[in-house]
Each structure stands twice: as C-alpha cells, then as structure tokens.
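Here is the structure we will look at.
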Amino acid sequence: METVFTRTPTFKDCPTHYCPGCGHGIAHRLIAETIDELDIRDRTIGIAPVGCAVLAYDYLDVDMIEVAHGRAPAVATGMKRTNPDKIIFSYQGDGDLAAIGTAEIIHAAHRGEQITVIFINNAVFGMTGGQMAPTTVLGQITATTPQGREAAGEGFPLQVSELLALLPGAIYVERCALSGAAGIRKTKKAIKHAFELQVGGAQGFSLVELLSPCPVYWRMTPAESMEWIEKEMTKVFPLGRLKG
Amino acid sequence: MAGKIIIDTERCKGCGLCVVVCPKSSIVISKKSNKNGYFPAQPVPADRRPVESGVEGAADTDCTGCCLCAIICPEAIIEVYRDQPNKIDIVAKPGKKGKPRLVEEKT
C-alpha cells in the first residue's frame, strides 16, 4: 500500500496542548506543509503570538520567537529589513492582532512590509476564558457578554481584513475558513500563495485570515462549531480574496 | 480501491471531526478511553460494521483512502494508505513514419 497522507516533518511529532476540535492544530499543519513544499524551512523565521497559540514554537520546527502582545508586525518589520533573504511570518490570533495590536498591523500593512501574517479569527479571547473580542459577532454569548453582544453597548465586529485591503501597501489579503475539508484545502492554497509572494520578493504585505473554531468557548461540539462557522460567522466575515 | 487509516489513539482527543467528515462512515468513537481520558476515534471494528458493508475477513472498513479525515484532524495523527492507484502516464512512442505519438500507459 502506498502512503498518501502522513505528518509533515516541520510539524513536530508531539502532542499539542489545544482543546479537542481546536482550529490551531489544522492551521499549524497547513503552515508546516507549505514550508516543506516550498523548501524554505532553513530560512524561515516565525513569530508566535500571545494567546492560545503562544506555544506554537514547540510545534513548528522552524526558528521561532515570541514577542510582546500584539507587536509581532513591528518585530517582523525589523527582522525582514535586517535579513531580507529570510522568510518572516507572524501567526496571530484575534486578541493579538485585532485588539491590542491593531496599530501595529495597520502600520505594517500601510508601510508595505514584505511579511506574511496568518491571522486566526475565532471570535473570542480563547486563552483567558472566552471573553468578548473585537471580532465577536452580534448576539454571540461570551463570558463578558452573557446576554449576547449588542451593537449599542459593545459595538460591531471588527473586520480587519477589509480594513487592511484598503491600504495600498497590502498586496494580498484573503479570508478563508477552517470548516470542512474543502475549506481547509482552500486555506492551504491561500497560505501557500502568501508565502510564495514573499519568497518571490513581491513588494508588499500579505495576510491570510482564517476563521477557526473554538468549540469550548462557543459552547458547542467540534462538529457544531464547524457548522456555526459556515452558517453564522461567514455572514459577518465573508470568505474570499479581498485583494491581490 | 481500498484504503487504510492508522490513528494514533493515544494522542487522539476524541473531537469527532473525522467521524463527521468520513463519507463512508468508517470511523467511530471508541468505547474505551485512552491514557489521557479521551475516547479516541478508531476505524470501525469488525463487530460494529453493518453486514452488507463487505465480505467477512476482507478489508477492515469501506475506507477508500480519500484523506478527508487526515485533512481535518487538528492533531495530524491520522496516516492514510491506499492501494496502488491506477496511474496513467502519457508517454511518447514512435508511431507511423517514425513520428512520435502520445499514448496512455498504465503504471
């Protein structure tokens, strides 16, 4: 029998600390597969976020660093400018990128830094206990919005990708969903394209947003949370290529 | 075409995404927990298979080796094997008047 699927070497062969059904494991695997397929493992530097994926450096077998909360694009800017031949990517959640790090991501995109950002949007702050994030959708029940998020009190969900797609410095912005095998296949293509742009020396900033399940703090089973992404979350965060 | 999957049940967290995604329903959640206390996914054992699914003693499941379970597995602990698929290569062979022509060849 022929092996048709096995774990890629860049995704270390160790158990992860993520909850059952979490999307981070899938996202890590897609990044690891992309790095192996493009054969850039020895010249890639990743930046782990603050959040659930803070231990991403334990799972991805590339050079990784950990930076202050939300400041990954600022550090990535310095790394790319001093080492232009290296492939720099940051892996950031919605608490990291869309809340505390909004200024950094907007200005890095605006300057057109040649970095790749993988943005994991799960609509809650996962690590701290499922509080409302800027990306929480209206009506969603979280620890800090027990009656559901209301626009009058908490404002509307923040669509970071749409914001960044307006900036001339951003050359590629796409939103994908980690729901179902078809969505994961499309996500892989998007991540690969973003890395290919950087490897090819494209002058500009690339970002891939992934809608990712958080079954524990959505209070659903993993299968229900995949359905919720497709039915509810994509209404607020429409999928597709926003730029590039 | 028959396929086979191997799930590392000690590292499975029993999220059940592979069970939902499998088009042949050939993965189930085990009744026995692993060392971490999760009930892991496993290929359908012989005694839990519907009778019509295949000849007794043949392949364990209806698995076709489509990889959907491995693609969705957040832990990346599913390995997928498949019987040598009939690959078709297009090769150039000498044809009439010595001109090469393209033919399909099974490998």
Side-chain angles (χ1 to χ4, degrees), chain A residues 1-33 36 52-53 59-61 120 122 177-189 210 212-216 220-227 229-230, chain B residues 1-25 27-30 33-41 43 58-61 63-87 106-107:
Chain A
M1 278 188 149
E2 190 187 17
T3 309
V4 280
F5 191 99
T6 187
R7 198 183 181 96
T8 193
T10 298
F11 193 19
K12 281 188 201 167
D13 197 9
C14 63
T16 66
H17 72 283
Y18 300 120
C19 309
C22 177
H24 276 305
I26 305 173
H28 286 6
R29 179 175 62 77
L30 296 181
I31 292 170
E33 284 179 357
D36 281 337
C52 287
Y59 309 136
L60 292 173
D61 200 3
I120 308 290
N122 60 5
L178 292 175
S179 60
I184 294 170
R185 283 208 170 109
K186 278 182 196 156
T187 307
K188 170 86 182 291
K189 274 186 194 162
L210 317 181
S212 170
C214 181
V216 172
M220 297 174 192
T221 65
E224 282 167 359
S225 60
M226 289 291 190
E227 259 175 48
I229 292 181
E230 280 170 15
Chain B
M1 191 175 4
K4 189 176 86 169
I5 56 167
I6 295 177
I7 303 176
D8 186 350
T9 48
E10 282 308 313
R11 271 170 46 188
C12 176
K13 292 174 179 165
C15 70
L17 290 175
C18 53
V19 177
V20 177
V21 83
C22 180
K24 295 283 183 185
S25 307
I27 308 176
V28 287
I29 296 294
S30 168
S33 69
N34 60 16
K35 276 181 198 158
N36 294 322
Y38 295 114
F39 291 91
D60 283 347
T61 62
C63 179
T64 58
C66 69
C67 294
L68 292 185
C69 53
I71 284 171
I72 209 158
C73 179
E75 297 293 312
I77 48 165
I78 304 182
E79 280 185 359
V80 185
Y81 302 89
R82 198 188 291 160
D83 274 341
Q84 189 73 30
N86 289 330
K87 278 187 201 160
K106 282 187 179 175
T107 54

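Lettering of chains follows the sequences in order, A, B, ..., and the numbering in each one begins at 1. If you're wondering where the values come from, they're calculated on a predicted model, not measured in any experiment.
Between the side chain of Arg29(A) and the main chain of Ala76(B), no donor-acceptor pair closer than 3.5 Å is present.
One finds the OG1 atom of Thr221(A) at 8.5 Å from the CG atom of Leu17(B) (value rounded to the nearest 0.5 Å). Once rounded to the nearest 0.5 Å, the distance linking CD1 of Ile6(B) with CZ of Phe5(A) reads 14.0 Å. Distance CE/Met1(A) to CZ/Arg82(B): 10.0 Å, rounded to 0.5 Å. How far SG of Cys73(B) is from CZ of Arg7(A): 8.5 Å, rounded to the nearest 0.5 Å.
For the pair Tyr18(A)/Pro74(B), no side-chain contact is recorded, criterion being any heavy-atom separation below 4.5 Å from C-beta on. A 4.5 Å side-chain heavy-atom check between Thr3(A) and Val80(B) finds every atom pair outside the cut-off.
Side-chain atoms of Thr16(A) and Glu75(B) form a donor-acceptor pair, as typed in the model, at a separation below 3.5 Å.
When the side chain to side chain contact (heavy atoms under 4.5 Å, CB included) test is applied to Lys189(A), no partner is found at least two apart in sequence or on another chain. The salt bridge (charged side-chain N to carboxylate O under 4.0 Å, His left out) search around Lys188(A) returns Glu33(A), Glu37(A), not counting sequence neighbours. The salt bridge (charged side-chain N to carboxylate O under 4.0 Å, His left out) test applied to Glu224(A) returns no partner, not counting sequence neighbours.
Chain A is approached within less than 4.5 Å, heavy atom to heavy atom, by Arg11(B), Lys13(B), Cys15(B) from residues 8-15 of chain B, ordered by number.
Around the NZ atom of Lys186(A), the shell of radius 6.0 Å holds no more than 12 heavy atoms that belong to other residues, nucleotides or ligands.
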Could you walk me through whether Glu2(A) and Asp83(B) pass the side-chain contact (heavy atoms from CB on, under 4.5 Å) check? CA-CA 6 Å; Glu2(A) 190 187 17; Asp83(B) 274 341; over 6 Å; no

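Counting heavy-atom pairs under 4.5 Å between each of Ile26(A), Val4(A), Asp13(A) and chain B puts Val4(A) at the top.
Here the closest heavy-atom approach between residue Ala181(A) and residue Ile72(B) is recorded as N-CD1, 4.2 Å.
Only the backbone of Cys66(B) comes within less than 4.5 Å of a heavy atom in chain A; its side chain stays farther off. Interface remark: Ile78(B) contributes backbone atoms only to the contact with chain A (heavy atom separation under 4.5 Å).
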